[in-house]
Amino acid sequence: MNGDSGKPDPKPKNVLDWLGVSEAPDWAKARWLGAGVGALIFLLFGLALAALFGVLIHTIVQAFSPGTEGPNLGAGALIAALLGAPFVIWGTWLKHQTVRYQKEGHITDRINKAVEMLGAEKSVDRIGRPVTIWTGKPEISECKKADVTTWEARPRTKITPKEWKGEFPEYGAAVEQIESESENGRTYEVRTWPAARTVVEYQGTPIELAENEIVGIEGDWDVFSESVPNIEVRIGAILSLERIAQDSTNHDKGRDHVRVMEILCAYIRENAPASGVTEPPFWGWNWTPPKKGATNVEIQSSLSRRIKSIGSYVPTRELEEWVAELPRPREDVALALAVIARRTDRQRIVEALWSNIPTTDIRWVFDHSFATLSRIDFATKEADFSARIRMIRAYSGYRIDLQRTNLQKADLSSGAFSGACLAGARLEGANLAHIRLEGANLERARLDKANLSEARLDGANLKYSQVNETIFRSAKMSGVEFHSAKGNGAIFESAQLFWANLDGATMCYADFDSAEMSGASLEQSHLMGANMEGAQMEGVSLYRANLKRANLKKGQLKKANISNVEMDGATLYKAHLEGANLSGALLKEANLSRALMPGANLKGANLERADLSAAMMYGADLSWAKIDGANFKNARLRGAALRGATPKLATFSAEQLTSFFADGTVVLANDAKRPPQWSNLMLFDDEFYEKWRKWQADPENYTPPPKP
């Protein structure tokens, strides 16, 4: 099949196809021709019946007429043949049906045999011993030496002498006497466990003990027979199922392909479940974002809980070391995953047709990639993007179901898993480079330290997932859902995140270097220390996000919503903030040097000790902004507005003071002469903005309100 259009490959499949004879004709085409052929058949059959009756009458008349020849034996043979023809046709049809049923039965037998082989086991003799493990939180008490015997009689009890802290003199009494007195006065620690469990410990395989567990009783070594999966037989069964799926697709319109996929998915879910997976000993966060419509007090309380639960994340080797010790999937499970991953285009078309009425419009929608977007055509592509996402989410065909499976360190690179259900799957350390996951459901999946370089995740759902230190370098992720995901240290370098949803996500120190994020939503996200240098973020929403000490150097943030964002200490050197909304933003000690901010809204922003040197701030609104200690050296403020500030607390030059607009809330030191366009009155909002716009439109002819 043609991957981009879903049309049949023009290359002939076999000799019949080359001769123009199709094995599976499309009866929906040329309906008028079918009606014409049917009418012709009925006409010929009618003529044959008329000829039959004519010959029959003629023969009867000839047989009983005197003086004529005897019956026409040839006519009789013809009559017998005509009368027997329906029975011959009926017998032929029955044989055809018998062959078809035999063929179906053969395929069913092949499937049943393969499924039976999937459960193959073999017996293995191993040297082991029974071990009783005491488990649960132990009860701790103390006893004297005289009571040790009584305590030892209690089940699941361990007695340990406590360290003796007495002092021995250098000289004097005999050492034996001192040791005897010390031993008699010693106390013992008694630990009693509430429960016990028995396991078999095999040689070379140490027992894994959970918290509050201890080995209580060890039995004798012996030979144990253990049933283990027969991997070789199971691999053969999986390959047999793959052949059945391929044959069904090529010769039987794919009737059994989806059933084979369901069998393989069920096998993986049964043999590699996510339950029982060892959890990493760190990052146990349980924070959830505030509900929609929450009050400011509730929002601040929620943000405080988040910061407390996260702590100050610093990338370490802990996660890397933990992932390195994870086992890879068993050979049979890995092969089943590979069979699913390498499905052909024709097989995926069969899946698209599953549970749908066959029409010419059915296609594998995930093969139609997003058009390449850029800053130039960003706005014009939004409609195309929305239509594409709707098409992906409206897909109603068969979906690969691998939810809640253990796929840690699996190799699924370049596999086709578009639209798959992987909710709750464990994919830590997995190799997912170049994988197809468009429209896939990965909600609450764990992908820590996984590699998704150049993966395709357009429209995928990763809500509440964990992607700590996961690599998404150059991945296509337009419209991806990362709501409330946790991705500290994740790498999104050069990734496409157009219109992605990262609301409430926690991605401290994540790397978004040169990422394309235009139209994305990052409201209430936690991006402390994140690297967004050179990121394309036109029109993004960062409302109430935490970007403390983040690096947005040369970032493209035109018309972005950065209101009420925490950006203390952030770097915005040479950032593009044209028309951006920074009202109420916390920008203490932020570096905005040489930033391009014409028309930016900085109303109520906290710019204390911020560096705005050489910033381009034409027409910016600085009403009620806190500018104590801010550096405006060489900043261009022509046409800007200032209210409720004390210029003496910032580094404004005389030329700068005459270049912007202000009202009576701005006080100059030592009654210095006010620029002519400044109002001496404290203006209300509507009046202030009316006068400001009027001055901007015609500075030369503007007349300020008279002094009261």
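Salt bridge annotation for Glu351-Arg343: present, with a cationic side-chain nitrogen under 4.0 angstrom from a carboxylate oxygen. Taking a cutoff of 4.0 Å between a charged side-chain nitrogen and a carboxylate oxygen, Arg110 and Asp256 do not qualify as a salt bridge. Ionic pairing of Glu242 and Arg342 is present here: one or more N-O contacts between side-chain nitrogen and carboxylate oxygen are shorter than 4.0 angstrom. A salt bridge links Arg436 with Glu438: at least one charged nitrogen is closer than 4.0 Å to a carboxylate oxygen. Using a 4.0 Å cut-off between charged side-chain N and carboxylate O, Arg243 and Asp247 make a salt bridge. Comment: Arg197 engages Glu213 in a salt bridge, judged by a side-chain N to carboxylate O separation of less than 4.0 angstrom.
Asn441 places no side-chain N or O within donor-acceptor distance of the main-chain N or O of Ala423, the cut-off being under 3.5 Å. Arg473 places no side-chain N or O within 3.5 Å of a backbone atom of Glu493 that could act as its donor or acceptor partner. A donor-acceptor contact shorter than 3.5 Å links the side chain of Arg234 to the backbone of Ala120. Checking side-chain atoms of His483 against main-chain N and O of Asp503 turns up a donor-acceptor pair under 3.5 Å. Side chain of Ser525 to main chain of Leu522: a donor-acceptor pair is present (N/O by atom type, distance under 3.5 Å, no hydrogens or angles). Side-chain atoms of Asn406 never come within 3.5 Å of backbone atoms of Pro273 as a donor-acceptor pair (strictly under, hydrogens ignored). With hydrogens and angles ignored, the 3.5 Å screen pairs a side-chain donor or acceptor of Thr470 with a backbone N or O of Leu447.
Checked by atom type, the side-chain pair Asn501/Glu481 shows a donor-acceptor distance below 3.5 Å. Side-chain atoms of Ser225 and Asp125 form a donor-acceptor pair, as typed in the model, at a separation below 3.5 Å. Between the side chains of Ser541 and Glu523, at least one donor N or O lies within less than 3.5 Å of an accepting N or O. At a cut-off of 3.5 Å, with distance as the only test, no side-chain donor of Glu454 or Ser474 sits close to an acceptor on the other residue. Inspection of the Gln403 and Asp401 side chains reveals an N or O donor paired with an N or O acceptor under 3.5 Å. Under the 3.5 Å distance criterion, with hydrogens and angles disregarded, no donor-acceptor pair is assigned to the side chains of Asn230 and Glu121. Side chains of Gln246 and Thr249: a donor-acceptor N/O pair is absent below 3.5 angstrom, by distance only. For the residue pair Asn531/Asp513, the side-chain donor-acceptor check at 3.5 Å is not satisfied.
Remark: Glu262 CD is packed, more than 12 non-hydrogen atoms of other residues, nucleotides or ligands lying under 6.0 Å away. Shown here is Glu208, whose CD atom has no more than 12 heavy atoms of other residues, nucleotides or ligands within 6.0 Å. In Lys122, the NZ atom is crowded: over 12 heavy atoms of neighbouring residues, nucleotides or ligands sit closer than 6.0 Å. By the neighbour-count criterion of 12 heavy atoms within 6.0 Å, atom CD of Glu270 is sparsely surrounded, having that number or fewer from other residues, nucleotides or ligands. Residue Arg330 qualifies as enclosed at atom CZ: its count of foreign heavy atoms under 6.0 Å is above 12.
Ile235 approaches Asp332 most closely through the heavy-atom pair CG1-CA, 4.3 Å. Closest approach of Val260 and Leu241 over heavy atoms only: CG1-O, 3.4 Å. When every heavy atom of Phe417 is checked against every heavy atom of Ala440, the shortest pair comes out as O-CB, 4.0 Å. Between Arg399 and Ile392, the closest heavy-atom pair is NH2-O, 3.9 Å.
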Chi angles and distances behind the side chain to side chain contact (heavy atoms under 4.5 Å, CB included) call for Glu428, Gln466
CA-CA 9 Å; Glu428 294 98 331; Gln466 291 201 21; over 6 Å; no
Kindly determine whether Trp499 and Met517 satisfy side chain to side chain contact (heavy atoms under 4.5 Å, CB included), including the steps that lead there.
CA-CA 7 Å; Trp499 297 283; Met517 305 173 67; over 6 Å; no
Given the rule in the side chain to side chain contact (heavy atoms under 4.5 Å, CB included) test, do Arg446 and Arg426 qualify, once you have shown the distances and angles that lead to the verdict?
CA-CA 5 Å; Arg446 302 279 291 274; Arg426 301 298 296 267; 3.5 Å; yes
What's the verdict on side chain to side chain contact (heavy atoms under 4.5 Å, CB included) for Asn461 and Leu442, showing C-alpha distance, side-chain angles and the deciding distance?
CA-CA 5 Å; Asn461 175 14; Leu442 290 143; over 6 Å; no
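For the pair Arg126 and Phe224, the cation-pi criterion (under 6.0 Å, within 45° of the ring axis) is not fulfilled.
In this structure, Ile268 CD1 and Thr405 OG1 are separated by 7.5 Å, a value rounded to the nearest 0.5 Å. Once rounded to the nearest 0.5 Å, the distance linking CD1 of Ile340 with CG of Leu335 reads 10.0 Å.
Between Phe472 and Phe492, the ring planes are parallel. Angles under 30° get that label, and only those over 60° would be called perpendicular.
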